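Report on the following structure.
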Amino acid sequence: MNTVSFIKEYDNIFPFKVVISLLKYLNKLKFKNAEVIDPTKPKGAGIHRDIRKAEVFDFFPNAKSFTEVHYFNLLRKQFMFMIGEYMRSINQNPACAPIEKILQITALKYEKTGFYVPHCDHSGSIPRTLSLVYLLNNDYKGGELVFVNPSDTNEVLKKVDVQPNKLVIFPSNFMYPHSVLPVTEGTRYSLVSWFL
């Protein structure tokens, strides 16, 4: 198996009325500038708009908003189910590499000129096993999720079609650098999550 075969796409994981409701909810929220961890920067973690230009909203299971708690639980349940589907699709015995927990659920908002340079999701300070990206809308241009060659990040190995209600799951390790191309028109919404 080549590495690209471990990047799996799943369509229509929720009824569209759930997607529309979630998008309406996200449009009401206050997002904050996304941070990154960059060991080459003097302060390490922080807002580095030359690396990542996006905004985030983190969902929490114990939030004050019942709506946020509802979405967190709904998303967590479906994402955990889909991780099981992923493990079966790669013929991985769950006992050999058990996924123990979901680490986080974050909404991402990329407005015009928003992007994220090639990066990997696992690091020593933030260990992650599997990554998940859930695309919510397609009324924007640019903003494609692309996977690049680990030894030459200019070489695109896989570009994910922009399609609402699409879920992408892949290993978080150094073999799966990925990026979000610049948004040229509109606003891109997605959810990301990581598993350990």
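Values reported hereafter were calculated over all heavy atoms of this structure, with side chains retained and with hydrogens, waters and symmetry mates removed. Computed from a predicted model, the values in this text were never measured in an experiment.
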Checklist entry - Is there a donor-acceptor contact under 3.5 Å linking the side chains of Lys53 and Thr113? => result yes
Item to check | Minimum side-chain heavy-atom gap Glu111-Val183 below 4.5 Å | outcome: no
Next on the checklist: Give me the atom names and distance for the closest heavy-atom approach of Pro150 to Pro177.
Outcome noted: CA-CG, 3.7 Å
Item to check | Test side chain to side chain contact (heavy atoms under 4.5 Å, CB included) applied to Leu23 and Val19, step by step | outcome: CA-CA 6 Å; Leu23 280 166; Val19 178; 4.2 Å; yes
Next on the checklist: Before you tell me yes or no, could you show the steps for Met80 and Ile102 under side chain to side chain contact (heavy atoms under 4.5 Å, CB included), namely the whole-Å CA-CA distance, both residues' side-chain angles and the distance that decides it to 0.1 Å?
Outcome noted: CA-CA 8 Å; Met80 289 300 291; Ile102 189 168; 4.2 Å; yes
Checklist entry - Quick one: does Val69's side chain get under 4.5 Å of Phe60's, heavy atoms only? => result no
Checklist entry - Taking only residues two or more places apart in sequence, or in another chain, which ones meet Thr67 in a side-chain hydrogen bond (donor to acceptor under 3.5 Å, both in side chains)? => result none
Item to check | CG-CG distance between Asp11 and Asn165, expressed to the nearest 0.5 angstrom | outcome: 8.0 Å
Checklist entry - Are any of the side-chain heavy atoms of Leu136 and Leu26 separated by less than 4.5 Å? => result yes
Checklist outcome for this item: Students should find that the hydrophobic cluster of Val148, defined by side-chain heavy atoms under 4.5 Å apart, otherwise consists of Val146, Val156, Leu181
Item to check | Cluster link Ile20 to Leu167, ILVMFWY, side chain under 4.5 Å | outcome: no
Checklist outcome for this item: The ring-ring contact (aromatic ring centres under 6.0 Å, His included) partners of Phe57 (sequence neighbours excluded) come to Phe59
Item to check | Leu74 vs Phe14 side-chain heavy atoms within contact, under 4.5 Å | outcome: yes
Checklist entry - Excluding sequence neighbours, so at least two apart, what forms ring-ring contact (aromatic ring centres under 6.0 Å, His included) with Tyr116? => result His119
Checklist entry - Can you tell me how far the CD1 atom of Ile105 sits from the CD atom of Glu68, to the nearest 0.5 Å? => result 10.0 Å
Next on the checklist: Keeping Ser21 on the side-chain end and Val18 on the backbone end, is there a donor-acceptor pair under 3.5 Å?
Outcome noted: no
Next on the checklist: Do Ser131 and Ser172 pair up side chain to side chain, a donor and an acceptor below 3.5 Å, judged on atom types alone?
Outcome noted: yes
Checklist entry - side-chain hydrogen bond (donor to acceptor under 3.5 Å, both in side chains) between Arg52 and Asn33: does it pass, once the steps are laid out? => result CA-CA 9 Å; Arg52 183 182 193 192; Asn33 284 325; over 6 Å; no
Item to check | Between CD1 on residue Ile169 and OG on residue Ser89, distance to nearest 0.5 Å | outcome: 8.0 Å
Checklist entry - Quick one: does Asp58's side chain get under 4.5 Å of Lys32's, heavy atoms only? => result yes
Item to check | Ring centre gap for Phe170 and Phe6 strictly below 6.0 Å | outcome: no
Checklist entry - Short question: side chain of Asn73, backbone of Pro61 - any donor-acceptor pair under 3.5 Å? => result no
Checklist entry - Do Leu135 and Lys166 have side chains that get closer than 4.5 Å, going by heavy atoms? => result yes
Checklist entry - Do Glu55 side-chain atoms and Ala34 backbone N/O form a donor-acceptor pair below 3.5 Å? => result no
Checklist outcome for this item: Distance col, row Ser151:OG vs Phe174:CZ, nearest 0.5 angstrom, shows 11.0 Å
Next on the checklist: For the residue pair Lys109 and Phe31, would you count it as a cation-pi contact if the rule is NZ or CZ under 6.0 angstrom from the ring centre and within 45 degrees of the ring axis?
Outcome noted: yes
Checklist entry - So with a 6.0 Å cut-off around CZ of Phe16, is the heavy-atom count from everything else above 12? => result yes
Next on the checklist: Is it the case that the side chain of Lys141 and the backbone of Asn138 share a donor-acceptor pair, with hydrogens and angles ignored and the cut-off at 3.5 Å?
Outcome noted: no
Next on the checklist: Donor-acceptor pair, distance only, cut-off 3.5 Å: does the side chain of Asp152 make one with the backbone of Asn154?
Outcome noted: yes
Next on the checklist: Run Glu9 and Lys158 through salt bridge (Lys or Arg N to Asp or Glu O under 4.0 Å) and show every step you take.
Outcome noted: CA-CA 11 Å; Glu9 297 179 35; Lys158 180 177 179 68; 2.9 Å; yes
Checklist entry - CZ/Arg128 to NE2/His122 distance, rounded to the nearest 0.5 angstrom? => result 10.0 Å
Can I get a per-line list of side-chain donor-acceptor pairs under 3.5 Å for residues 188-196, giving both atom names and the distance, sequence neighbours left out?
from	atom 1	to	atom 2	distance (Å)
Arg188	NE	Gly143	O	2.8
Arg188	NH1	Ser190	OG	3.2
Tyr189	OH	Asn27	OD1	2.8
Ser193	OG	Gln104	O	2.5
Trp194	NE1	Asp121	OD2	3.2

Checklist entry - NZ/Lys101 to CD1/Ile99 distance, rounded to the nearest 0.5 angstrom? => result 12.0 Å
Checklist entry - Just by distance, do the side chain of Asn137 and the backbone of Thr187 share a donor-acceptor pair under 3.5 Å? => result yes
Next on the checklist: For a side chain to side chain contact (heavy atoms under 4.5 Å, CB included) check, start with the C-alpha distance between Phe72 and Asn62, then their side-chain angles and the critical distance, and finish with the verdict.
Outcome noted: CA-CA 9 Å; Phe72 179 88; Asn62 56 352; over 6 Å; no
Checklist entry - How does the hydrophobic cluster around Leu157 look, that is, which other residues are in it when side-chain heavy atoms under 4.5 Å mark a link? => result Val4
Checklist entry - Is there side-chain contact between Tyr25 and Tyr71, with heavy atoms separated by less than 4.5 Å? => result yes
Next on the checklist: Taking the six-membered ring for Trp, are Tyr176 and Phe147 closer than 6.0 Å centroid to centroid?
Outcome noted: no
Next on the checklist: Taking Pro15's backbone N and O only, do any of them form a donor-acceptor pair with Asn12's side chain (distance below 3.5 Å, no angle check)?
Outcome noted: no
Next on the checklist: What I'd like to find out is whether the side chain of Tyr10 reaches to under 4.5 Å of the side chain of Met82, using heavy atoms alone.
Outcome noted: yes
